[in-house]
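These values consider heavy atoms only, across backbone and side chains, with no hydrogens, waters or symmetry-generated copies. The structure displayed is predicted, hence computed values, not measured ones.
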Amino acid sequence: MTRIAYLSPLPPERTGIADYSALLLPELGRRVEVDAYAPGRPHPIAEVRHVRPTRRALRRLGGYDAVIAHMGNSEAHAWIPQALRHAPVTVVLHELVLHHLVAAMTLGRGDRAGYLDAMTQEAGTVGRLLAYAVTDGAVPPLWEVAPERYPLTDIALRDAAGCIVHSRFVADVVRARYPGLPVHVIPHLCVDGPDAPVDRAPGGGTVFGVFGFITRQKRLGTVMRAFRDVAAALPDARLLVVGSAPPGLDPAQLAAAEGVPADRVEGVGYADGAAFDRLLRSIDVGVNLRHPTLGETSGTVIRWMGAGVPVVVSTGGWYDELPDAAVVRVAPDDGEAEELARALVTLGADAALRARMGDAGRDYARRTLAPSRIAERYLAAVLAPRGRAALAAAALPAL
């Protein structure tokens with residue numbers, strides 16, 4: 001029997017990657033034998049065996065036919081880099097920038113030298129000088145103001161045997177930075193949704209939504225500026241914001257600063273599991289701006305598409321690879337707020353257009369992003385290379 005080690009945060013960890021793995025693991029477990037490594041007490045997944053990632057357990061990774069490790073830009077992944085030293089590992093890179101993770105693993109633990117070394121590896125003498133300036137408080141934290149310029153991806157890919165990414169955009173960047181590293185593009189996954197959004201939010205009218213942890217790249221201030229005009233044009237329109245927000249990005253404060261009536265915006269804060277899914281399906285139009293891109297894909301956008309919800313996104317990066325019929329793109333330039341307002345007013349006033357876009361997104365998700373198909377592509381990527389054609393043929397159905 002083919003044996004796979006799978007390293008990733010799992011629910012109840014509050015990360016999108018944990019939720020992603022909870023969807024993918026059962027499909028992998030139906031095809032091969034999977035040991036899922038995750039700290040804490042993850043929710044049980046019947047198809048896989050859970051293993052705590054102790055040092056002793058990680059040293060045994062060389063006994064598997066393949067090892068898959070998921071890397072994201074949060075401290076939830078801080079235990080994974082040490083595993084890369086014990087076996088050939090295919091790293092799933094969910095975003096290009098890992099600067100927050102490196103800062104947490106170094107400066108967050110009092111390891112100033114480790115951060116200086118990471119920045120030197122990234123950008124030579126200039127990087128080291130910038131790191132000194134950050135640690136001395138002379139410049140703001142680079143992971144907040146310029147993460148796209150200093151991604152610090154080496155922590156994941158320096159020792160990797162292969163890499164899986166979710167977009168051609170990220171694949172091109174990784175191939176340029178790491179020549180010779182095998183890179184596989186496997187899109188994000190999506191579970192089937194019902195044929196129409198459910199559990200409509202109370203109050204009627206058109207409901208727009210911004211979901212997920214709020215960062216400056218998500219441009220919530222711009223969304224509020226646009227929604228001020230939307231609220232004037234569509235008297236029954238409302239905006240639902242779901243997700244934790246750091247100081248300075250509070251939805252109510254941003255709405256007030258842009259002159260949006262308080263009764264037209266609702267901030268929910270963090271929601272997970274069934275609550276998040278219910279809220280996600282309660283809206284008419286999703287808004288998911290992202291600039292500058294850090295190479296992310298958005299699980300929220302994918303889930304909206306699977307549920308038949310049209311989405312307004314930014315231009316650039318992974319967003320440009322989504323089907324044109326399912327999304328509206330807004331350029332992050334000087335006219336961004338005005339263009340966004342026009343797009344939202346058009347969608348809010350045209351139920352037939354929303355339905356056509358929703359159908360296109362649902363069709364794309366079902367044809368391309370089904371977890372069963374994504375699992376087969378994972379196994380093809382990690383088993384077929386390195387002389388394992390026989391294992392791949394035994395484990396995989398015809399693709």
Evaluate the side-chain proximity of Arg109 to Glu75: yes if any heavy-atom separation is below 4.5 Å, no if none is. yes
First locate atom CZ of Arg31, then atom CG of Leu383, and finally report the distance between them rounded to the nearest 0.5 Å. 12.5 Å
For a quick test of reading the model, state the closest non-hydrogen atom pair linking Leu84 to Ala156 and the distance between them. CD1-O, 3.3 Å
Please check: side-chain N/O of Thr368 versus main-chain N/O of Ala365, any donor-acceptor pairing under 3.5 Å? no
Measuring only between side-chain heavy atoms, which start at C-beta, is Tyr319 closer than 4.5 Å to Thr293? no
The ring-ring contact (aromatic ring centres under 6.0 Å, His included) partners of Phe208 (sequence neighbours excluded) come to none
Could you walk me through whether Tyr364 and Cys190 pass the side chain to side chain contact (heavy atoms under 4.5 Å, CB included) check? CA-CA 10 Å; Tyr364 168 76; Cys190 180; over 6 Å; no
When you look at Thr300 and Leu280, which way does the side chain to side chain contact (heavy atoms under 4.5 Å, CB included) test go after all the steps? CA-CA 8 Å; Thr300 298; Leu280 182 137; 4.0 Å; yes
Please round to the nearest 0.5 Å and tell me the distance separating atom CG of Asp363 and atom CE of Met305. 9.5 Å
Quick one: ring-ring contact (aromatic ring centres under 6.0 Å, His included) pairs with a partner in residues 24-53, sequence neighbours left out? none
For Arg158, check salt bridge (charged side-chain N to carboxylate O under 4.0 Å, His left out) against everything at least two apart and list the hits. none
Pair Asp284, Arg238 - check salt bridge (Lys or Arg N to Asp or Glu O under 4.0 Å), show working. CA-CA 10 Å; Asp284 296 285; Arg238 292 178 296 123; over 6 Å; no
Could you tell me if the side chain of His99 sits less than 4.5 Å from the side chain of Tyr115, heavy atoms only? yes
Just verifying a value: how many Å separate Gln121 CD and Leu116 CG, rounded to the nearest 0.5 Å? 13.5 Å
Ion pair Asp172/Arg168, N-O distance below 4.0 Å: no
Which atom names give the shortest non-hydrogen contact between Ile45 and Pro26, and what distance separates them? CG2-CG, 3.8 Å
Considering only residues two or more places apart or on different chains, which pairs with a residue in residues 33-52 satisfy salt bridge (charged side-chain N to carboxylate O under 4.0 Å, His left out)? Arg3-Glu33, Arg3-Asp35, Arg30-Glu47, Asp35-Arg49
Enter the distance from Ser8:OG to Met71:CE here, rounded to the nearest 0.5 Å. 10.5 Å
Single-linkage hydrophobic cluster Ile80~Met105, side-chain heavy atoms < 4.5 angstrom: yes
Any idea which heavy atoms bring Arg228 and Gly259 closest together, and the distance? CG-O, 4.1 Å
Using the side chain to side chain contact (heavy atoms under 4.5 Å, CB included) rule, take Val223 and Leu340 through it: C-alpha gap first, then chi angles, then the decisive distance, then the call. CA-CA 8 Å; Val223 175; Leu340 176 60; 4.2 Å; yes
Within the distance-only criterion (no hydrogens, no angle test), does the side chain of Arg264 pair as donor or acceptor with the backbone N or O of Ala237 below 3.5 angstrom? yes
Residues which pass side-chain contact (heavy atoms from CB on, under 4.5 Å) with Asp19, listed by chain and number, not counting sequence neighbours: Pro11
For Pro310, give me all partners under side-chain contact (heavy atoms from CB on, under 4.5 Å), at least two apart in sequence or on another chain. Val285, Arg354, Met357
Check Asp359 with Arg362, please: is the shortest side-chain N to carboxylate O separation under 4.0 Å? yes
Mark yes or no for whether Asp250, through its side chain, and Ala252, through its backbone, hold a donor-acceptor pair below 3.5 Å. yes
Treating Ile, Leu, Val, Met, Phe, Trp and Tyr as nodes and any side-chain heavy-atom pair under 4.5 angstrom as an edge, say whether Leu369 and Ile17 lie in one connected cluster. no
Is there a side-chain contact between Val165 and Val173, using heavy atoms and a 4.5 Å cut-off? no
Given Gln82 and Leu58, is the side chain to side chain contact (heavy atoms under 4.5 Å, CB included) satisfied, shown in steps? CA-CA 8 Å; Gln82 64 175 304; Leu58 293 177; 3.7 Å; yes
Tell me if a side-chain donor or acceptor on Glu321 pairs with a main-chain N or O of Phe169 at a distance below 3.5 Å. yes
Distance-minimising heavy-atom pair for Phe227 and Leu239: CZ-N, 3.5 Å
Less than 4.5 Å apart, any side-chain heavy atom of Asp320 and any of Arg329? yes
Rounded to the nearest 0.5 Å, the OG1 atom of Thr315 sits from the CG atom of Leu289 at a distance of 10.0 Å
Within 6.0 Å of CZ in Arg55, more than 12 heavy atoms from elsewhere: no
I'd like to check the ring-ring contact (aromatic ring centres under 6.0 Å, His included) partners of Phe211; sequence neighbours left out, ordered by chain and number. Phe276, Trp304
For Arg290, is there any backbone N or O sitting under 3.5 Å from a side-chain donor or acceptor partner on Ser314? yes
Given side chains that start at C-beta, do those of Gln217 and His291 come closer than 4.5 Å, heavy atoms only? no
For His70, give me all partners under ring-ring contact (aromatic ring centres under 6.0 Å, His included), at least two apart in sequence or on another chain. Tyr6, Tyr20, His94
Rounded to the nearest 0.5 Å, what separation is found between the CZ atom of Phe213 and the OG1 atom of Thr15? 13.0 Å
In the structure I gave you, are the side-chain heavy atoms of Val183 and Val170 within less than 4.5 Å of one another anywhere? no
Looking at Tyr270, I'd like to know if the NZ or CZ of Arg14 sits under 6.0 Å from its six-membered ring centre while staying within 45 degrees of the ring's axis. yes
Any donor-acceptor N/O pair, Asn73 side chain to His100 backbone, under 3.5 Å: yes
Scan residues 89-103 for pairs that pass salt bridge (charged side-chain N to carboxylate O under 4.0 Å, His left out), counting only residues two or more places apart or in two chains. none
What is the minimum heavy-atom distance between Val134 and Pro140, and which atoms define it? CG2-O, 3.8 Å
Suppose we screen for side-chain hydrogen bond (donor to acceptor under 3.5 Å, both in side chains). Which residues come up paired with Asp350, at least two apart in sequence or across chains? none
Would you say Cys163 and Leu157 make side-chain contact, with heavy atoms under 4.5 Å? yes
hydrophobic_cluster_shared for Leu353 and Val287, side chain cutoff 4.5 Å: yes
Here the pair of heavy atoms bringing Arg216 nearest to Pro147 is NH2-CD, 3.6 Å
Pairs where residues 141-150 contributes a residue and the test side-chain hydrogen bond (donor to acceptor under 3.5 Å, both in side chains) is met, not counting sequence neighbours: none
Which residue pairs pass the side-chain hydrogen bond (donor to acceptor under 3.5 Å, both in side chains) test with at least one member in residues 333-347, sequence neighbours excluded? Arg219-Glu336
Side-chain heavy atoms nearer than 4.5 Å, only ILVMFWY residues, links allowed to pass through others: does that put Val268 and Val210 together? no
